[in-house]
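For reference, the structure discussed in these notes is given below.
The sequence lines fix the lettering, A, B, ..., with proteins before strands; numbering per chain opens at 1.
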There are 2 protein chains.
Amino acid sequence: MPWDLNSGNPVFVQIIEHLQDDIVLGIYKPGDKLPSVRDLATDAGVNPNTMQRALSTLESTGLVHSERTSGRFITEDNEMIIELKKSLVKVQVEQFINGMEKYGFTGNEILELVKQYVKK
Amino acid sequence: MPWDLNSGNPVFVQIIEHLQDDIVLGIYKPGDKLPSVRDLATDAGVNPNTMQRALSTLESTGLVHSERTSGRFITEDNEMIIELKKSLVKVQVEQFINGMEKYGFTGNEILELVKQYVKK
DNA sequence: ATTATTGTATTAAGTGATTAGTACAGTAAT
DNA sequence: ATTACTGTACTAATCACTTAATACAATAAT
């Protein structure tokens with residue numbers, strides 16, 4: 001049985017995740033105009049091509065859209081953003097629990113662990 | 001401020017993680033002989049060179065060691081394995097909680113979320 | 001009108017990871 | 001002794017990602 005070897009994280013993917021987080025966290029709000037590709041690239045410390053790739057890929061999800069020459073904007077669909085957050089949280093929690101169960105921890109043991117680490 | 005863009009996961013790194021998990025889970029026990037580089041490569045579905053790279057890298061941690069021509073073996077130091085497991089668990093829990101807190105969840109909310117997902 | 005800014009497109013080069021193929025020397029099994 | 005297996009070494013080719021540099025057309029700002 002082949003192992004699972006599909007967690008490569010290229011920079012442009014990490015950029016997408018970063019932008020998704022910013023949107024979900026409300027740093028960018030529905031309808032907001034994003035900084036230009038070039039400015040974002042400078043902020044992130046990456047090549048404009050890489051930022052362009054991240055943005056145009058992110059675009060295919062509908063979360064952002066570009067107005068050819070006036071800029072790029074966050075979706076006005078607040079429900080989409082809320083759903084994205086739910087989805088991101090769900091994935092993160094499930095991955096965590098799966099990982100812990102793989103190590104042999106029971107549900108209660110996982111809860112105890114989280115309790116311990118939360119109190120710091 | 002530059003973004004944090006350092007989570008690339010090449011295959012040989014994922015192999016290391018996979019092997020660490022197998023050791024921590026007791027699939028390989030202290031002193032056990034590992035399958036040959038070529039067999040492991042076939043198992044994993046990767047090139048022998050890639051497996052060799054993963055193994056020789058893992059070697060530098062002391063978790064495994066090679067006897068030139070007779071094979072490669074898991075450390076007999078059981079304490080090292082226990083410590084590795086603790087460390088892996090700690091990293092996973094902390095990363096999870098940090099991620100959740102970034103999304104604005106409080107300690108109690110995180111616990112509630114875990115509780116929900118654990119019961120499935 | 002002129003200028004700056006926008007997203008987008010294109011070509012080229014460089015880098016790291018991976019695969020492929022081959023080879024060598026030492027040990028184990030027979 | 002012979003054979004098979006072991007880790008290891010080496011070169012070459014390929015691929016995806018990234019960077020670099022440049023260019024174009026449409027809009028915004030002046």
Side-chain angles (χ1 to χ4, degrees), chain A residues 1-20 22-23 28-76, chain B residues 1-20 22-23 28 31-76:
Chain A
M1 182 185 55
W3 298 352
D4 180 20
L5 302 176
N6 302 309
S7 76
N9 279 53
V11 172
F12 80 91
V13 173
Q14 299 177 51
I15 291 173
I16 291 176
E17 291 168 353
H18 185 102
L19 290 171
Q20 281 183 331
D22 280 357
I23 295 170
Y28 297 123
K29 302 195 188 309
D32 270 4
K33 181 177 179 178
L34 279 169
S36 75
V37 176
R38 294 164 181 84
D39 285 348
L40 282 173
T42 302
D43 270 7
V46 301
N47 191 278
N49 294 326
T50 307
M51 182 58 66
Q52 167 68 17
R53 181 174 180 184
L55 289 168
S56 64
T57 303
L58 185 55
E59 199 141 319
S60 66
T61 68
L63 200 60
V64 301
H65 56 95
S66 72
E67 301 302 326
R68 197 62 177 79
T69 59
S70 65
R72 195 178 247 108
F73 301 86
I74 309 293
T75 179
E76 287 88 1
Chain B
M1 184 183 55
W3 298 353
D4 180 22
L5 302 176
N6 302 309
S7 77
N9 279 53
V11 172
F12 81 93
V13 172
Q14 298 176 53
I15 291 173
I16 292 176
E17 292 168 352
H18 185 102
L19 290 171
Q20 281 182 332
D22 280 358
I23 295 170
Y28 297 124
D32 270 5
K33 181 177 178 178
L34 278 169
S36 75
V37 175
R38 292 165 180 83
D39 285 350
L40 282 173
T42 302
D43 271 7
V46 301
N47 189 277
N49 295 327
T50 307
M51 183 57 68
Q52 167 69 16
R53 182 174 181 184
L55 289 169
S56 63
T57 303
L58 186 55
E59 199 140 321
S60 67
T61 68
L63 201 60
V64 302
H65 58 93
S66 74
E67 301 302 324
R68 198 61 175 81
T69 59
S70 65
R72 196 178 247 109
F73 302 86
I74 308 294
T75 181
E76 288 88 1

> How would you list, by chain and number, every residue that makes a side-chain contact (heavy atoms from CB on, under 4.5 Å) with A/P48, sequence neighbours excluded?
Replying inline: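 By the side-chain contact (heavy atoms from CB on, under 4.5 Å) rule, A/P48 matches A/A41.
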
> With A/N49, which residues qualify under side-chain contact (heavy atoms from CB on, under 4.5 Å), at least two apart?
Replying inline: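 With neighbours one apart ignored, the set is A/N47.
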
> Can you list the steps and then say if A/L19 with A/L55 is a side chain to side chain contact (heavy atoms under 4.5 Å, CB included)?
Replying inline: CA-CA 9 Å; A/L19 290 171; A/L55 289 168; 3.6 Å; yes

>> Is the shortest side-chain heavy-atom distance between B/R72 and B/V37 below 4.5 Å?
In response: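 Of all side-chain heavy-atom pairs linking B/V37 with B/R72, at least one is under 4.5 Å.
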
Roughly, in whole Å, what's the span from [atom1] in [X] to [atom2] in [N]?
X     : N      : atom1 : atom2 : answer
A/Q52 : C/dT6  : CD    : P     : 13 Å
A/D39 : C/dT8  : CG    : P     : 15 Å
B/Q14 : C/dG16 : CD    : C1'   : 15 Å
B/I15 : C/dT18 : CD1   : C1'   : 10 Å
B/H65 : D/dT8  : NE2   : C1'   : 17 Å
B/E59 : D/dA9  : CD    : P     : 11 Å
A/R72 : D/dA26 : CZ    : P     : 18 Å
A/M51 : C/dG7  : CE    : C1'   : 14 Å

> What's the shortest heavy-atom distance between B/M51 and B/A44, and which atoms?
Replying inline: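 Shortest heavy-atom contact: CE-CB, 3.8 Å.
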
>> Testing the basics here: between B/S70 and B/K33, what is the closest heavy-atom pair and its distance to 0.1 Å?
In response: O-NZ, 3.0 Å

> Is there a side-chain polar atom (N or O) of A/S66 under 4.0 Å from OP1 or OP2 of C/dT8?
Replying inline: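 Looking at the OP1 and OP2 atoms of C/dT8, one of them is under 4.0 Å from a side-chain N or O of A/S66.
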
>> Under the rule for side chain to side chain donor-acceptor pair (under 3.5 Å), what residues qualify as partners of A/D32, not counting sequence neighbours?
In response: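 A/D32: no side chain to side chain donor-acceptor pair (under 3.5 Å) contacts found.
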
> Given D/dC17, D/dT8, C/dA17, which nucleotide is nearest the side-chain atoms of B/F12?
Replying inline: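 Within the option list, the nearest is C/dA17.
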
>> As a test of reading the structure: which of C/dT18, D/dC17, C/dG7 is closest to the side chain of A/R53, going by heavy atoms?
In response: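 Out of C/dT18, D/dC17, C/dG7, the nucleotide with an atom closest to A/R53's side chain is D/dC17.
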
Report each atom pair, protein N/O against N/O of nucleotides 19-21 of chain C, whose distance is under 3.5 angstrom.
| from | atom 1 | to | atom 2 | distance (Å) |
| --- | --- | --- | --- | --- |
| C/dT19 | OP2 | B/N47 | N | 3.0 |
| C/dT19 | OP2 | B/T50 | OG1 | 2.9 |
| C/dA20 | N7 | B/N49 | ND2 | 3.0 |
| C/dA20 | N6 | B/N49 | ND2 | 2.8 |
| C/dG21 | O6 | B/N49 | OD1 | 3.3 |
| C/dG21 | O6 | B/N49 | ND2 | 3.3 |

> Just by protein heavy atoms under 4.0 Å, how would nucleotides 23-30 of chain C read 5' to 3' in B, S and -?
Replying inline: B--BS---

Side chains of residues 60-67 of chain A: which donor-acceptor pairs under 3.5 Å do they make with residues two or more places apart or in other chains?
| from | atom 1 | to | atom 2 | distance (Å) |
| --- | --- | --- | --- | --- |
| A/S60 | OG | A/T57 | O | 2.6 |
| A/T61 | OG1 | A/L58 | O | 2.6 |
| A/T61 | OG1 | A/L63 | N | 3.3 |
| A/H65 | ND1 | A/E67 | OE2 | 3.1 |
| A/S66 | OG | A/E59 | OE2 | 3.1 |

> With a 4.0 Å cut-off on heavy atoms, is A/E67 in touch with a base, just the backbone sugar-phosphate, or nothing at all?
Replying inline: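 Answer is nothing: A/E67 stays at 4.0 Å or more from every strand.
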
>> If I take atom CG from residue A/D22 and atom NZ from residue A/K29, how far apart are they, to the nearest 0.5 angstrom?
In response: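 The distance works out to 11.0 Å.
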
